[in-house]
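Every chain is numbered from 1 and lettered A, B, ... according to where its sequence line falls, protein lines coming before strand lines.
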Amino acid sequence: MLQVNNIQENLDKFVEGLGKRGIQNAKDLLNEVIDLDDQRKKTQQELDEVKAKSNQLAKQIGQLFKEGKKDEAEAAKAETAELKEKDKALSEQMSFIQDQLLNKLYNIPNIPNPIVPAGKSEDDNEVVKVDDSATPTLGEDAKPHWDLISEYDIIDFELGNKVTGAGFPFYKGAGARMVRAMINYFLDEAQKAGYVEVQTPILINEDSGYGTGQLPDKEGQMYGITDSNLFLIPTAEVPITNIYRDVIVNEAELPIKHVGYTPCFRREAGSWGAHVRGLNRLHQFDKVEIVQIANPDKSYELLDEMVAHVEKLVKSLGLPYRILRLCGGDLGFTSAITYDFEVYSAAQKKWLEVSSVSNFETYQANRLKLRYKNADNKKQLAHTLNGSALAVPRILAAILENNQTPEGIKVPEVLQPYTGMSMITK
RNA sequence: AGAGGAAUGGCAGAGUGGUCGAAUGCGGCGGUCUUGAAAACCGUUGUACCGCGAGGUACCGGGGGUUCGAAUCCCUCUUCCUCUGCCA
């Protein structure tokens with residue numbers, strides 16, 4: 001979340017930034033925050049004063065008892081009643097103000113980086129690179145992947161329906177092997193690039209949800225385990241980044257780089273429709289995620305590095321792709337800047353988002369209380385970054401469609417050592 | 001799952017109602033000594049919030065309570081350890 005001090009100092013910049021996200025009344029909203037923070041300070045001063053008096057009095061009473069001046073002590077005791085009442089009232093006021101302030105801050109998104117284009121929807125995203133050199137020329141009879149998967153019997157949606165529900169497919173045979181191969185390939189490549197692999201829980205608690213910003217903003221998008229107050233992760237970003245909640249690292253340790261594979265669970269409430277077929281949108285899918293904890297001075301360099309890593313992966317799979325810089329209106333709640341990678345799925349003639357690489361600057365770190373000690377031994381908020389590298393099902397969809405031949409589906413060369421096959425056949 | 005025990009500063013570990021933000025040791029940092037290092041010795045060393053400052057407030061696993069006053073007493077939750085049971 002945003003830091004009140006920063007808001008106060010750069011009000012215009014913040015108003016402008018939120019405006020880019022299409023928030024009209026930003027100025028009023030931010031002024032309310034500043035006002036609440038002032039109230040908070042004022043109330044704390046009053047409360048501290050009352051407490052100081054009580055502490056003083058309590059010491060005196062102790063002293064009086066020790067000296068055997070019982071009457072005086074009893075008299076002093078009577079004085080404390082009033083202070084106690086004041087204390088109680090001010091404490092209540094304090095927590096009320098703090099709740100309000102926090103609630104406001106939780107619901108204000110991050111300020112976009114200046115180079116983020118203004119815009120309302122995905123139509124306003126800026127295409128920063130297109131490399132469609134790998135686009136295949138498919139015949140008239142080219143099939144979308146949902147036809148191919150039944151033809152080759154590698155993914156079973158019906159079975160998923162039966163056992164769980166829509167959006168929870170079974171991968172079978174060569175399909176399962178492809179998934180496993182991609183996960184291993186992505187993990188290995190990340191490791192080569194210096195990311196330390198972690199295997200995380202796939203259930204997270206509320207604190208973690210708040211830490212990375214899924215709560216309270218996206219509660220409806222996560223599956224909740226209501227009887228234990230836990231949530232299924234929508235992305236490995238949550239458990240991995242939350243490793244560093246309430247942590248102070250040494251500057252020399254930065255950047256910290258992690259990679260993790262997890263299944264991801266998303267309710268996708270409201271986004272289900274006719275345009276979503278096959279592997280395009282699922283409730284459960286596999287994803288390899290890269291995460292960095294960075295020095296603010298270096299975070300944009302590292303963002304570029306992450307983008308380059310993802311680009312290399314997509315390219316190595318032989319898929320046509322493009323890179324988008326998301327506009328303010330399409331930007332995630334906690335992100336300051338996001339680059340989306342899309343691959344072209346040639347039979348359905350659609351761009352599929354397979355990666356999202358973001359810099360959150362201090363927005364998550366402030367919630368996480370994730371700091372580093374700089375050279376002067378001062379504690380500063382770190383920057384957090386993450387990116388998908390990559391999301392499996394849509395990559396699979398693109399491979400199936402783009403690589404279909406009369407003989408079968410060609411397995412990208414880089415995956416062959418992992419699949420042990422060069423072709424998916426009937 | 002049952003019985004018992006425990007949770008204190010970076011770590012170890014004292015502290016059972018006031019003088020305790022907390023002894024002591026280790027570690028860290030600074031210094032003396034040394035050609036340099038070690039050893040020894042001296043000093044220093046938690047976090048957050050409020051305040052221009054002096055200073056104040058809060059924090060001894062979390063939450064609540066008793067009390068003029070709680071690390072210390074009570075309730076509750078969580079976690080860990082030991083023993084018994086079960087189990088991949």
Side-chain angles (χ1 to χ4, degrees), chain A residues 1-9 33-106 199-211 215 225-231 239 242-254 256 263 362 364-382:
Chain A
M1 73 199 151
L2 302 175
Q3 295 156 271
V4 181
N5 287 348
N6 286 354
I7 297 176
Q8 214 153 6
E9 281 163 31
V33 167
I34 293 170
D35 189 53
L36 275 170
D37 194 54
D38 286 343
Q39 286 182 48
R40 192 201 102 234
K41 289 179 188 174
K42 211 177 126 232
T43 307
Q44 192 185 333
Q45 262 179 60
E46 289 172 30
L47 183 59
D48 283 357
E49 229 169 90
V50 169
K51 282 189 186 294
K53 269 189 204 156
S54 300
N55 288 345
Q56 231 177 352
L57 213 48
K59 266 187 194 158
Q60 279 174 21
I61 291 169
Q63 195 58 36
L64 289 172
F65 271 122
K66 213 172 243 178
E67 292 167 10
K69 297 176 183 164
K70 248 192 169 163
D71 293 348
E72 282 181 53
E74 290 300 335
K77 261 196 200 181
E79 261 184 76
T80 61
E82 195 191 340
L83 287 172
K84 268 189 155 176
E85 248 168 68
K86 270 192 196 166
D87 185 317
K88 201 178 159 213
L90 284 168
S91 296
E92 273 166 19
Q93 196 184 328
M94 187 72 178
S95 51
F96 179 71
I97 292 169
Q98 262 170 333
D99 283 353
Q100 268 191 309
L101 179 59
L102 210 54
N103 187 46
K104 282 243 155 60
L105 286 171
Y106 274 145
Q199 240 192 78
T200 74
I202 57 173
L203 289 169
I204 49 122
N205 60 27
E206 261 192 338
D207 285 348
S208 295
Y210 275 97
L215 293 174
I225 312 289
T226 48
D227 61 2
S228 344
N229 222 6
L230 298 171
F231 296 89
N242 271 282
I243 295 172
Y244 297 95
R245 174 152 47 85
D246 292 318
V247 168
I248 300 171
V249 299
N250 289 321
E251 190 173 22
E253 295 171 58
L254 301 175
I256 293 167
T362 58
Q364 290 183 329
N366 192 32
R367 286 198 186 182
L368 293 160
K369 294 195 175 64
L370 160 54
R371 291 161 297 173
Y372 69 96
K373 258 191 200 161
N374 69 10
D376 304 328
N377 236 2
K378 271 198 162 176
K379 288 166 205 79
Q380 309 272 346
L381 290 175

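In this model, the phosphate group of rC49(B) is not approached by any side-chain N or O of Arg40(A) to a distance below 4.0 Å at OP1 or OP2. Between Lys379(A) and rU47(B), a side-chain N or O to OP1/OP2 separation shorter than 4.0 Å is present. In this model, the phosphate group of rA58(B) is approached by a side-chain N or O of Asn55(A) to a distance below 4.0 Å at OP1 or OP2.
Between Lys51(A) atom NZ and rC59(B) atom C1' the separation is 12 Å, expressed in whole Å. One atom, CZ of Arg371(A), and another, C1' of rU47(B), lie 8 Å apart when rounded to the nearest Å. The interatomic distance linking Asp48(A) (CG) with rA58(B) (C1') rounds to 8 Å, in whole Å. Atom-to-atom, CD of Glu49(A) to C1' of rC49(B) comes out at 16 Å; the value is rounded to the nearest Å. Atoms CG (Asp87(A)) and P (rU67(B)) sit 15 Å apart, rounded to a whole Å. Here the C1' atom of nucleotide rA48(B) and the NZ atom of Lys41(A) are 15 Å apart, to the nearest Å. Here rG18(B) presents its C1' atom at 11 Å from CD1 of Ile61(A), a figure rounded to the nearest Å. Rounded to an integer number of Å, the gap from CG of Leu90(A) to C1' of rC49(B) is 16 Å.
Looking at the side chain of Thr80(A), the nearest of the listed nucleotides rG51(B), rC49(B), rC68(B) is rC68(B). Comparing atom distances between the Ala52(A) side chain and each of rU57(B), rC49(B), rC68(B) picks out rU57(B) as nearest. Here the side chain of Gln44(A) is nearest to one of rC68(B), rC49(B), rU57(B), namely rC49(B). Residue Phe65(A) places its side chain closer to rC68(B) than to any other of rA48(B), rC68(B), rG51(B).
Side-chain atoms of Asp99(A) and Ser95(A) include no donor-acceptor pair closer than 3.5 Å. No donor-acceptor contact under 3.5 angstrom links the side chains of Glu9(A) and Asn5(A), judged on distance only.
Between Asp87(A) and Leu83(A) the shortest side-chain heavy-atom distance does not fall below 4.5 Å.
With the nearest nucleotide of RNA chain B identified for both Leu47(A) and Asp37(A), Asp37(A) has the one nearer the 5' end. Where Gln45(A) and Lys84(A) each meet RNA chain B at their nearest nucleotide, the meeting point lying more 5' is that of Gln45(A).
The only option from Gln3(A), Arg367(A), Lys369(A) that meets the side-chain contact (heavy atoms from CB on, under 4.5 Å) definition with Leu381(A) turns out to be Gln3(A).
Going from the P atom of rG28(B) to that of rG10(B) covers 16 Å, rounded to whole Å. Nucleotides rC60(B) and rC73(B) are separated by 16 Å at their C1' atoms, to the nearest Å. rC77(B) and rA23(B) have their C1' atoms separated by 31 Å, with the value rounded to a whole Å. On the P atoms, rU8(B) is 22 Å away from rG4(B), given to the nearest whole Å. For the P atoms, the distance linking rC86(B) with rA1(B) amounts to 15 Å, nearest Å. Spacing between rG13(B) and rC50(B) at atom P, rounded to whole Å, works out to 36 Å. Nucleotides rA70(B) and rG61(B), compared at atom P, are 16 Å apart to the nearest Å. A distance of about 14 Å separates the P atoms of rA12(B) and rC81(B), rounded to the whole Å.
Within the model, atoms NZ of Lys42(A) and CD1 of Ile97(A) stand 8.5 Å from one another, a figure rounded to the nearest 0.5 Å. Note that CD of Glu74(A) is 8.5 Å distant from CD1 of Ile61(A), once rounded to the nearest 0.5 Å.
With a cut-off of 3.5 Å on both Watson-Crick or G-U wobble distances, the partner of rU78(B) is given as rA7(B). Base pairing analysis places rC59(B) opposite rG46(B); the two distances defining the Watson-Crick or G-U wobble pair are each below 3.5 Å. Across every strand in view, rA22(B) sits unpaired, with no contact that passes the Watson-Crick or G-U test at under 3.5 angstrom. Checking rA1(B) for Watson-Crick or G-U wobble geometry (two distances, each under 3.5 Å) identifies rU84(B) as its partner. When both pairing distances are held under 3.5 Å, rC41(B) makes a Watson-Crick or G-U pair with rG31(B). Remark: rU16(B) base-pairs with no nucleotide in the shown strands. Criterion, Watson-Crick or G-U wobble with two distances under 3.5 Å.
Between the Asn366(A) side chain and the Met1(A) main chain, a donor and an acceptor come within less than 3.5 Å of each other.
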